[in-house]
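Lettering of chains follows the sequences in order, A, B, ..., and the numbering in each one begins at 1. These numbers come from a predicted model, not from an experiment.
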Number of protein chains: 2
Amino acid sequence: MNDVAATAGVALKTVSRVVNDEPGVNAATAERVRQAIELLGYRRNDGARVLRRGRTASIGLIIEDVADPFYSGLSRAVEDVALRNGSLVFTGSSGEDPQRERALVLAFCARRVDGLVIVPAGYDHGYLAPELAAGTRAVFADRPPGPAVEVDTVLCDNDGGARTGVAHLIAHGHRRIAFLGDQAAIFTAQERLRGYRQALEAAGLPYDPALVSMGVPEQSRVTAAVAGALALDHPPTALFTGNGQLTMAALRALETLSTGPAVLPCRVTPGAEASRPAIVGFDDFALADLLNPAITVVAQDPTRLGRTAAELLFRRLTGETGPVERIRLPTHLIPRGSGELPPPA
Amino acid sequence: MNDVAATAGVALKTVSRVVNDEPGVNAATAERVRQAIELLGYRRNDGARVLRRGRTASIGLIIEDVADPFYSGLSRAVEDVALRNGSLVFTGSSGEDPQRERALVLAFCARRVDGLVIVPAGYDHGYLAPELAAGTRAVFADRPPGPAVEVDTVLCDNDGGARTGVAHLIAHGHRRIAFLGDQAAIFTAQERLRGYRQALEAAGLPYDPALVSMGVPEQSRVTAAVAGALALDHPPTALFTGNGQLTMAALRALETLSTGPAVLPCRVTPGAEASRPAIVGFDDFALADLLNPAITVVAQDPTRLGRTAAELLFRRLTGETGPVERIRLPTHLIPRGSGELPPPA
DNA sequence: ATGAAAGCGCTAACAC
DNA sequence: GTGTTAGCGCTTTCAT
C-alpha cells in the first residue's frame, strides 16, 4: 500500500480510500491510484484489514463428514447464505469425534471467525463458553449442545418423523417392526428411537428390545443386525431404519441375505417378494425412487436445516438480540412402495 | 497479551514465548503466565500472528458443488490432508460459474491463503497470474487450467475410461451406442466424448452425431435426450453416460419412458427387459449395485484425486521445486449387469 | 532467562 | 479532497 501510494504520488490513506470505495476522492486521483495498483499488482491484505476492524467476515462450519450427502447438502446451504452475507466459510469434518470437534472449533476461534455453525459430535461444550463470552456467536444444527452452554439450535423433528414412519407401517398391517438405529450416544438416534416407541405405544403394540439394534452404520454390523432380526422366532415383517446410511446398508443386507437365486435382470425372484420385509427409512436419498421396490422415506431437508441455521447466525451477527432460539424443522413422509408392502398373510 | 503480561508480572515477549512453547523460559515463570492466561481466558489471535509471520496455515478449495458426491468426496480428502499439515481449509462452490470461481479465488487470495486447490469452472485463468507471481501456490484438480497459467494439475484418465466403457459395450455385441455427455464446454465432457469416439473407431464402427447429446445434467433435458435417441429409426441398443448425475438422470428417464405398466414390487415388466438398452456410466455412485439391473460403471476415485492434489500442494508449500506436474489417475471398470445386457436379438 | 522496540498491512479518528 | 498519526495483536531483532 505504501508502494502504491508512493507510485501514485499520494498518501497511504488515499490508497485505502480508493481500495475501499470510500467517498471523497477526486476522480482523477482515484484513477492514478488505480493505475498504480494495476502496475504493481497490489492486492489488499484482508488479514491486516481484519486485525484492524475486528470482523473477519468468515464463519466456521463443523459437520460430521462432508462426504455424507446429508451434510454436504447442509454445507452447500451454509456456504450460500455466507456468500450472500459477504462471508467466507472454513469447513471441518469431525468424523463423530468430540476431540476433533473441539480442536476444529478452537482453531476456527483462534482465527477469529465471526461465528460458528456446529453439528456437534460430543456432549460437553464447556470449552465453548469462553469463546461465547468473547463474543463469538454459535448456532447448533441437527443436534443440540450439551448442558454447559445455551445457544441457538436448529433441529429436525426426529421423534415426530419416526412416529409417522412407524405408524405408516402399522397402518399397513405390520405388528412386528424392527428398529435399526445409529449409535445410541447420538442425539438424533435417541429421538428417533423414542418416536418408534411412541408409535408402538399409540397402537397398543408391545416394545420388544430384541427388535431394536443401535450402532455404527457399517455394512457388516447392519447385515448382522438384519440377519439376526430375521432369524428370530417371531421375525419382524417390517423394518424402520434411523438414517440414510442405515437404510442403504439395510437394503444391501436384504439383498445379500435374499435366499432366491440372483436372476438378471430382475434380482427379486418372482414369488419371493412376499417374504421381503417392508421398509421405511429416515432421510431421503438419491435413487430411492428407482429401487425395486422404491423406498418409502421420512424426509428431512438438509438444505433448509443449513439455511435456517446460517441465517439465524447472521441475524445474530448483525445484532439481533432476544432469547435463545430452538427451532424444529418438520419432516414429511414420501410413500414409494417399500413401506406399503403388506405383511405375509 | 498485554493484559496477561501485566497480570503475570512479566513482559509481553515472555507471554509470547509461553504461548508458542518457545524454549528459554523459567518453569515457574511459565506457570505464572499460564495461570494468567487461564484467568483471563486469553486466546492467541491467529490473524495477528499470520500478519506478522506471513504464512496463514490455510488453503482454499474451489469446487463445483459440495453437495455433489463426487466433489464432497474430494473435499473430504483435501480436508484430511490439510489437517495432517496443520492447515485449515476455506471451501467455496463455483456452481460451474467462471465469475464465481474467480471471485472465490480472489477472496481466498485476499485472505492470503498459502495455496489453492481448484476445480475450475472457466478456461481463462489470467486472473491467477498475479497471485501466482505473489507466491500463492495452486494445484488444479479434475480439470486443467486455461493456457494463461502453468501449474500442477491432477486429472483423471477421462478418455481412457470412456474408451474402456464403450469398448465393453461393443464387446457385448452393441453396435449402436448413444453418448450422453455433460455441457460441451466442460473439459472432462470433451475428453470422455473423445474416448467414446476412439472406441468406436477402434471397433470400426461409424460415428453418428444423432446418437450424441451434450448438455446440462438436468432431468428434463436428459429425459428428452434419451427419448429422442430411442425414437430414432435405428435406435441405440446401449447408452454410455458421461458422469454420475447423467447416469442417474438417464436411469430415471428409462424408468419414466418404460412402456410396460409399473408393477410392484418388480417394476420391470417381465419380458420387457430385453428391450431395455444396456448402460454403462462414468463415475460410481451409491446404490449402483442395488439397482435392477445393477449398474456397470467406469469408476474414478474422488478421494484419491483430492488427496493427490492436496499432497502435491503441500509438497510445493514446503519448498519442493521441479517442473510443473501433470498427473493422470486411472479409472476402472466395474461390471455389474447393466453393461452386460445383450442387444435385442 | 527476560525485556524493549520496531513493524507486519491496514483503517479509525482526526487534522488540514 | 487529502494527509497524519496511532494502534489492531502479534513476532522478530536485538539488548540486557
**OP:** For A/Glu101 and A/His125, run side chain to side chain donor-acceptor pair (under 3.5 Å): C-alpha distance rounded to whole Å, both residues' side-chain angles, the deciding distance at 0.1 Å, then the answer.
**Re:** CA-CA 10 Å; A/Glu101 171 204 324; A/His125 298 103; 3.1 Å; yes
Subject >> Heavy-atom donor-acceptor pair, B/Tyr123 side chain to B/Ala185 backbone, under 3.5 Å >> reply: yes
Original post:
Do NZ/NE/NH1/NH2 and the carboxylate oxygens of B/Glu320 and B/Arg137 come within less than 4.0 Å?
Top reply: no
Original post:
A/Arg32 side chain to A/Ala8 main-chain N or O, any donor-acceptor pair under 3.5 Å?
Top reply: yes
Subject >> Along DNA chain D, first and last positions that approach a heavy atom of chain A under 4.0 Å >> reply: D/dG1 to D/dG9
Original post:
Sequence neighbours excluded, which residues qualify as side chain to side chain donor-acceptor pair (under 3.5 Å) partners of A/Asn85?
Top reply: none
Subject >> Electrostatic pair A/Asp80:A/Arg307 at N-O distance under 4.0 angstrom >> reply: no
**OP:** For B/Asp114 and B/Ala57, indicate whether the former's side chain and the latter's backbone hold a donor-acceptor pair under 3.5 Å.
**Re:** yes
Original post:
End-to-end bend of the helix from C/dA1-D/dT16 to C/dC16-D/dG1 (five-pair axes, 10° rounding)?
Top reply: 40°
Subject >> Sidechain-backbone polar pair: B/Asp152 side chain, B/Glu325 backbone, donor-acceptor under 3.5 Å >> reply: yes
Original post:
Among residues 11-20 of chain B, which residues get a heavy atom nearer than 4.0 Å to DNA chain C?
Top reply: B/Ala11, B/Lys13, B/Thr14, B/Arg17
Original post:
Any donor and acceptor pair, going by atom type alone, linking the side chain of B/Arg111 with main-chain N or O of A/Thr56 inside 3.5 Å?
Top reply: yes
Original post:
Quick one, which residues of residues 22-41 of chain B touch DNA chain C with a heavy atom under 4.0 Å?
Top reply: B/Gly24, B/Val25, B/Asn26, B/Thr29
Original post:
Can you list, by residue number, the residues of residues 43-56 of chain A that have a non-hydrogen atom closer than 4.0 angstrom to DNA chain D?
Top reply: A/Leu51, A/Arg52
Original post:
Pick the nucleotide of DNA chain C nearest each of A/Tyr42 and B/Val10; which residue has the one closer to the 5' end?
Top reply: B/Val10
Subject >> Nearest-0.5 Å distance, SG of residue A/Cys109 to CG of residue A/Leu116 >> reply: 5.0 Å
Original post:
Where the side chain of B/Glu79 meets the backbone of A/Ser93, is there a donor-acceptor pair that is under 3.5 Å apart?
Top reply: yes
Original post:
For B/Thr136 and B/Phe108, what are the C-alpha separation, side-chain angles and deciding distance, and is it a side-chain contact (heavy atoms from CB on, under 4.5 Å)?
Top reply: CA-CA 10 Å; B/Thr136 308; B/Phe108 292 167; over 6 Å; no
Subject >> Expected output: side-chain B/Asp124 to main-chain B/Gly126 donor-acceptor under 3.5 Å >> reply: yes
Subject >> Electrostatic pair A/Glu96:A/Arg143 at N-O distance under 4.0 angstrom >> reply: yes
Original post:
Do the side chain of B/Thr153 and the main chain of B/Pro144 share a donor and acceptor less than 3.5 angstrom apart?
Top reply: no
